[in-house]
Amino acid sequence: MIDHKEKGTEKNSESLNFIETQIEEDLRQGKNNGKVYTRFPPEPNGYLHIGHAKSICLNFGLAEKYHGKCNLRFDDTNPEKEEEEYVQSIKEDVRWLGFRWEGEPKFASDYFDRLYQWAIVIIKKGKAYVDDQPAAVIAAQRGTPTEPGIKSPYRNRAVEENLRLFEEMKAGKYKDGAKVLRAKIDMASPNMHMRDPVMYRIMHKDHHRTGNQWCIYPMYDFAHGQSDYIEGITHSICTLEFEVHRPLYEWFLDQIVEGVYRPRQIEFARLNLSYTVMSKRKLLELVEKKIVDGWDDPRMPTISGLRRRGFTPESIRNFADRIGVAKRDNVIDVSLLEHSLREDLNLRAPRVMVVLKPLKVVITNYPEGKTEDLETINNPEDETMGIRKIPFTREIFIEKNDFMEDPPKKFFRLSPGKEVRLKSAYIIRCDEVIKNSKGHITELHCTYDPESKSGSGQNRKVKGTLHWVNASSAIEVTVNLYDRLFNNPDPAGHKDKDFKEFLNPDSLSVLKGCKAEPSLAQAQPLEHFQFQRLGYFTADPDSQPGNLIFNRTVPLRDIWARAMQKTGKKN
RNA sequence: UGACCCGUGGUGUAAUUGGCAACACGUCUGACUCUGGAUCAGAAGAGUCCAGGUUCGAACCCUGGCGGGUCAGCCA
């Protein structure tokens, strides 16, 4: 386990990513007293997803690496979209990933007073003004990326008037949208964000934390850098779309910074995953249209969805390590995520036997009424996980598709006259296929070789080994077989098609009446298992003692299935 | 046709004063196996977007193209 952990992070000890390079340069120059403080700044308007996990691992990881700290800060400057439900889920997800923030979680709303005072300072400098024009007019005056904007007629209001108006805005004298506070920068700037950006807007809307205390709220640009400054953040790491905001980030800092300490914004490319959509808007749509079962549906790329799917925090952190950090657009293959998952689960998930689609097998030469308790190993990767007993009798279940009457070449499973090993039990031979009136196979009659018991030292080789479950003691469980939600590598990347057109109709199939070995009755919510030869599964939190539900986290790699798929395509 | 950012195997990330392009995933062989898992051994696959230039030497520096992304919310 230690070995594997080292394997996953060895790259980091050798080469630096571009952010680390810049941090070390800052350190070399003695900036900010040698401190490295970061923050993870989600807006509480949705659930966190795997893309956020990248950012979380990055920010908390950097703080750890450079012995600094990382704050969890909610960017809650827009009461129209933000809700308490989301702050709870975000805290839970960050914690679950294994990170601990410095002190209490922070909120941009904690700084509303400070921000208001700074706005006044900027007005007094003559660098901000109240604009009475409606949003549409302001938008029209902003120009386009290729044409300069034009100045507002209110741009040269006297400082005193601006001060009075701004105070009246705060006092609730005006309706939503009647006025805004704007920074006076440059309407001809080639950077749209510098064309007198809005600093404050009027919103008569209760805030999830400040209630009705405010009816004006700062914009992101006038809140983020200031919040960084208040918290002593040295490296404010965000995604690429904020790159064009950086001059504005700097401009606002220029207005307020005293002394030598100053935060700095660095942008990186967000994560894209193949066969996945990542935008909050699209994920919200899937939830609202009930295409999935909620934010934590196991098919969702949300942290809560992945958790319910059976992912481990370690696997996600290792994944984040492996994908690296850079500035160019990227699409990570889901198989890398799955690789990180299997790598972790292989080491920790106990092996159990469950038959998804049962086919009864009667072992005709096994004494009726006899039960043997056979020993089986819990995890061949980890001896310390010990052994357990599984019952064996005359009647068992095997997987339907582990039997073929007329098998193709290289079918190592059971077929008429052929032998196969039952995992941790005996070798059996199929003697007779029993069918009903419709010609469907209802059961198999086999004989076992009493000399071939597992561990008996009788090492006859047979090519195939099957998992099985004893019939009389089996418990019936429900299994959710999850597959990717989309069957297109880039569902959101088609200009003329809606991403929902690529929904995979088979992303979930529910199997009832699966046969599980009795030990599984004790399965705890979110406990991980490997169902032998099938894949990794976890107990769904909705699971009840009498009504167990398991979610398939990820199938085992399956060379045979893949080969069959290929020949299927050829035909 | 504006500004800013980015172009390295199929994918992602490296190459630390310019020095034979490396690692991971994936793919394909083979070995081993009481999980067609895991593990082990090996292979194929880029000459670094293009064209010039500087240099003994360029993925890295310069110039010019080309391609992709971002920006016109009182969203973040």
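Letters A, B, ... are given to chains in the order of the sequence lines, protein chains preceding strands, and every chain is numbered from 1. Below, all heavy atoms of this structure are taken into account, side chains as well, without hydrogens, waters or symmetry copies.
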Over 60° means perpendicular and under 30° means parallel, so classify the ring planes of A:F392 and A:Y448, tilted if in between.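 Ring orientation, 0 to 90° scale: tilted.
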Which is true for [X] with a 4.0 Å heavy-atom rule: it touches a base, it touches only sugar-phosphate, or it touches nothing?
X	result
A:Q530	base
A:P41	nothing
A:S335	sugar-phosphate
A:Q133	base
A:Y217	nothing
A:E43	sugar-phosphate
A:N191	nothing
A:G149	nothing
A:K327	sugar-phosphate
A:A139	sugar-phosphate

Calculate, to the nearest 0.5 Å, the distance between atoms SG and OH belonging to A:C238 and A:Y249 respectively.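 One finds 8.0 Å between SG of A:C238 and OH of A:Y249.
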From CG (A:D321) to CD1 (A:I323), nearest 0.5 Å: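 So the gap between those two atoms works out to 9.0 Å.
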Side chain [X] and base [N] donor-acceptor under 3.5 Å:
X	N	value
A:H245	B:A76	yes
A:E338	B:G26	no
A:E381	B:U39	no
A:R328	B:U8	yes

Pick the [atom1] atom in [N] and in [M], then give their distance to the nearest Å.
N	M	atom1	result
B:A72	B:G12	C1'	33 Å
B:G19	B:G57	C1'	7 Å
B:A41	B:C32	P	15 Å
B:G18	B:C28	C1'	37 Å
B:U13	B:C20	P	22 Å
B:U16	B:A59	P	12 Å
B:U48	B:U35	C1'	43 Å
B:A58	B:U1	C1'	33 Å

Specify the separation, in whole Å, of atom [atom1] of [X] and atom [atom2] of [N].
X	N	atom1	atom2	result
A:I138	B:A72	CD1	P	15 Å
A:Y174	B:C74	OH	C1'	17 Å
A:E20	B:U16	CD	C1'	13 Å
A:L337	B:A24	CG	C1'	14 Å

Inspect the contact between [Y] and [X] and indicate whether a charged nitrogen and a carboxylate oxygen are less than 4.0 angstrom apart.
X	Y	answer
A:K184	A:D131	no
A:E343	A:R322	yes
A:D110	A:R209	yes
A:E43	A:K81	no
A:E399	A:R533	no

With both distances under 3.5 Å as the test, what is the Watson-Crick or G-U wobble partner of [N]?
N	answer
B:C23	B:G12
B:C61	B:G53
B:U70	B:A3
B:G18	none

Output the single nucleotide from [options] whose closest atom is nearest the side chain of [X].
X	options	value
A:V198	B:G2, B:C74, B:A38	B:C74
A:R562	B:A76, B:U13, B:C28	B:C28
A:K463	B:U33, B:G37, B:A3	B:U33
A:Q532	B:U35, B:U70, B:G36	B:U35
A:H339	B:C25, B:C75, B:G36	B:C25
A:N330	B:U70, B:A72, B:G12	B:G12
A:R351	B:C5, B:U35, B:A24	B:U35
A:D333	B:G37, B:A76, B:U11	B:U11
A:V244	B:G37, B:A76, B:C71	B:C71
A:T146	B:G36, B:A72, B:U1	B:U1

Hey, which sits more toward the 5' end of RNA chain B by its nearest nucleotide, A:L336 or A:V331?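 By nearest-heavy-atom nucleotide position, the 5'-most residue is A:V331.
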When the nearest nucleotide of RNA chain B is assigned to A:A425 and to A:R557 on a heavy-atom basis, which residue is associated with the more 5' position?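 Whichever sits nearer the 5' end wins; that is A:A425.
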Would you please determine if the base of B:A76 is stacked by A:Y220, with stacking meaning a centroid separation under 5.5 angstrom and planes under 30 degrees?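 So A:Y220 does not count as stacking on the base.
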A:S519 versus A:R388, closest heavy-atom pair with distance: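 Minimum heavy-atom separation between A:S519 and A:R388: OG-NE, 4.1 Å.
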Check whether any side-chain nitrogen or oxygen of A:R201 sits under 4.0 Å from OP1 or OP2 of B:C75, and answer yes or no.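 For B:C75, OP1 or OP2 has a side-chain N or O of A:R201 closer than 4.0 Å.
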So, is A:R195 near the phosphate of B:G2, with a side-chain N or O under 4.0 Å from OP1 or OP2?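 False: A:R195 side-chain N/O out of range (4.0 Å or more) of B:G2 OP1/OP2.
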Torsion-based syn/anti label for B:G69, 90° from 0 as limit: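 This nucleotide is in anti.
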With syn defined as a glycosidic angle within 90° of 0 and anti as everything else, classify B:G18.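 Here the answer is anti: the torsion falls beyond 90° from 0.
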